[in-house]
Amino acid sequence: MATVFSPSAVLSSSSTNTTTTPSSPKPPLQPPPSKSQLAIPASKTSLANITTTLAATALATTILTTIPPSLADSPTAYTLYYGTAASAANYGGYGGNSDKKASAEYIYDVPDGWKERLVSKVEKGTNGTDSEFYNPKKKSEKEYLTFLSGFRQLAPKDVVLNNLALSDVSLQDLIATADSVTSEEKKDENGQLYYVYEIDGLGAHSLISVTCAKNKLYAHFVNAPAPEWKRDRDTLKHIHESFKTVG
């Protein structure tokens, strides 16, 4: 026999099982915090930006406080100079071969940027100066060569240096006030003898190389004030060691 449900019974049952919970009062809404009060977590990106900024600041400080580079701080380029050691009568190529490379009697390196000083005919005839180059930023930083005819071989080292000073007042003064003067003998690949002098003066430094060939005495000088010597030591030693006679 089928059972008939009364709609009222269903409604009554539903009403009985449903419990109504009174809602609690909501707390008052707080105003949103201002931008200054917001706590922004440090992300990886912001930390990287801060690190980059600090590194850039340190680099800029280093650049501003770094001393300008010298010749020795970067590789120096050189030009090979060919010297003819021509007599005063043949100064400028008159009466001789004007091709300096073909008629060269000696060679040495010249740093790029250095300027050649034209030697006068009178100067060539009096003290034998044949060529000279200087640093335009400091003209007293220079190299030059003198020669004297009539020398078949080198005299003792001290005699040679004293004879060179007789015609060079600056060399006389440098030797007189020098803290140290050293000398040694060297031979090149062909067995040719060279005297090498180093003079450490109070305010300047000098490197001198002397040899005899073709019945002539050749003296190559590299001079620099003390600050330039300390700054450009490697370059100055290079041009000093580059001198040799040829032909």
Side-chain angles (χ1 to χ4, degrees), residues 80-97 99-110 116-134 142-176 178 180-201 204-224 236-247:
L80 187 62
Y81 176 78
Y82 295 88
T84 58
S87 65
N90 294 330
Y91 177 72
Y94 297 109
N97 191 338
D99 185 355
K100 299 188 75 171
K101 185 174 182 179
S103 58
E105 295 186 7
Y106 65 88
I107 57 175
Y108 59 75
D109 284 342
V110 179
E116 182 175 9
R117 184 181 73 84
L118 296 179
V119 179
S120 69
K121 191 171 183 177
V122 174
E123 188 177 5
K124 181 183 285 285
T126 54
N127 60 17
T129 302
D130 190 64
S131 59
E132 182 175 319
F133 290 83
Y134 64 91
K142 59 185 178 180
E143 65 175 323
Y144 61 96
L145 183 133
T146 65
F147 76 96
L148 298 171
S149 299
F151 289 84
R152 294 184 178 181
Q153 62 182 14
L154 292 170
K157 293 191 296 293
D158 56 341
V159 174
V160 169
L161 184 60
N162 290 334
N163 287 339
L164 290 174
L166 290 177
S167 58
D168 191 331
V169 176
S170 297
L171 181 58
Q172 292 179 29
D173 294 340
L174 183 61
I175 294 174
S180 67
V181 178
T182 61
S183 62
E184 62 177 318
E185 298 180 6
K186 290 184 177 181
K187 289 186 178 181
D188 64 11
E189 63 276 9
N190 298 318
Q192 183 170 326
L193 178 63
Y194 289 77
Y195 287 169
V196 178
Y197 303 91
E198 183 167 0
I199 306 172
D200 186 13
H205 205 94
S206 183
L207 299 171
I208 308 170
S209 183
V210 184
T211 190
C212 279
K214 298 182 179 180
N215 204 34
K216 294 178 182 177
L217 182 144
Y218 302 86
H220 178 254
F221 298 82
V222 177
N223 296 341
L236 298 172
K237 282 190 172 182
H238 172 91
I239 59 178
H240 165 67
E241 294 170 356
S242 70
F243 163 70
K244 66 177 181 179
T245 59
V246 295

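Every value quoted in this text rests on a predicted model; they were computed, and no experiment measured them. For the numbers below, each heavy atom of this structure counts, side chains included, while hydrogens, waters and symmetry mates do not.
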**Student:** Among side-chain atoms of Ser131 and Tyr108, is any donor-acceptor pair under 3.5 angstrom?
**Tutor:** yes

**Student:** Keeping the roles fixed (side chain from Asp130, backbone from Leu145), state whether a donor-acceptor pair exists under 3.5 Å.
**Tutor:** no

**Student:** Tell me the closest heavy-atom pair linking Ala85 and Tyr218, and the distance in Å.
**Tutor:**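 For Ala85 and Tyr218, the tightest heavy-atom pair comes out as CB-CE2, 3.8 Å.
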
**Student:** What's the separation between atom NZ in Lys244 and atom OG in Ser209, rounded to the nearest 0.5 Å?
**Tutor:** 12.0 Å

**Student:** Under 4.0 Å between a Lys/Arg side-chain N and an Asp/Glu carboxylate O for Glu105 and Lys214?
**Tutor:** no

**Student:** Mind listing the closest non-hydrogen atom pair of Asp109 and Glu143 along with its distance?
**Tutor:**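 The pair with the smallest heavy-atom distance is O-OE2, 2.7 Å.
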
**Student:** Looking at Thr84 and Tyr106, what are the two nearest heavy atoms and their distance?
**Tutor:**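 Reported closest heavy-atom pair: N-CE2, 4.0 Å.
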
**Student:** Nearest 0.5 Å please: distance from the CD1 atom of Ile199 over to the CD1 atom of Ile175.
**Tutor:**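 Reported to 0.5 Å precision, the distance equals 4.5 Å.
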
**Student:** When rounded to the nearest 0.5 angstrom, what is the spacing between CG in Leu193 and NZ in Lys186?
**Tutor:** 12.0 Å

**Student:** Considering only residues two or more places apart or on different chains, which pairs with a residue in residues 160-169 satisfy salt bridge (charged side-chain N to carboxylate O under 4.0 Å, His left out)?
**Tutor:**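 Every pair satisfying salt bridge (charged side-chain N to carboxylate O under 4.0 Å, His left out) with a residue in residues 160-169: there are none.
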
**Student:** Of all heavy-atom pairs between Ser206 and Leu174, which one has the smallest distance, and what is that distance?
**Tutor:** CB-CD2, 3.4 Å

**Student:** Is it true that a side-chain atom of Tyr195 and a backbone atom of Ala155 form a donor plus acceptor pair closer than 3.5 Å?
**Tutor:** yes

**Student:** Quick one: list whatever passes side-chain hydrogen bond (donor to acceptor under 3.5 Å, both in side chains) with Thr245, sequence neighbours left out.
**Tutor:**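 If we apply the side-chain hydrogen bond (donor to acceptor under 3.5 Å, both in side chains) test to Thr245, skipping adjacent residues, the hits are Gln192.
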
**Student:** With sequence neighbours left out, write down each residue that passes side-chain contact (heavy atoms from CB on, under 4.5 Å) with Ser183, or none if nothing qualifies.
**Tutor:**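 side-chain contact (heavy atoms from CB on, under 4.5 Å) list for Ser183, sorted by chain: Lys157, Tyr197.
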
**Student:** To the nearest 0.5 Å, what is the distance between CZ (Phe243) and CG (Leu207)?
**Tutor:**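 Between atom CZ of Phe243 and atom CG of Leu207 there are 13.5 Å.
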
**Student:** First locate atom CG of Leu148, then atom CG of Asn127, and finally report the distance between them rounded to the nearest 0.5 Å.
**Tutor:** 9.0 Å

**Student:** Nearest 0.5 angstrom please: Lys142 NZ to Ile239 CD1, how far?
**Tutor:** 12.5 Å

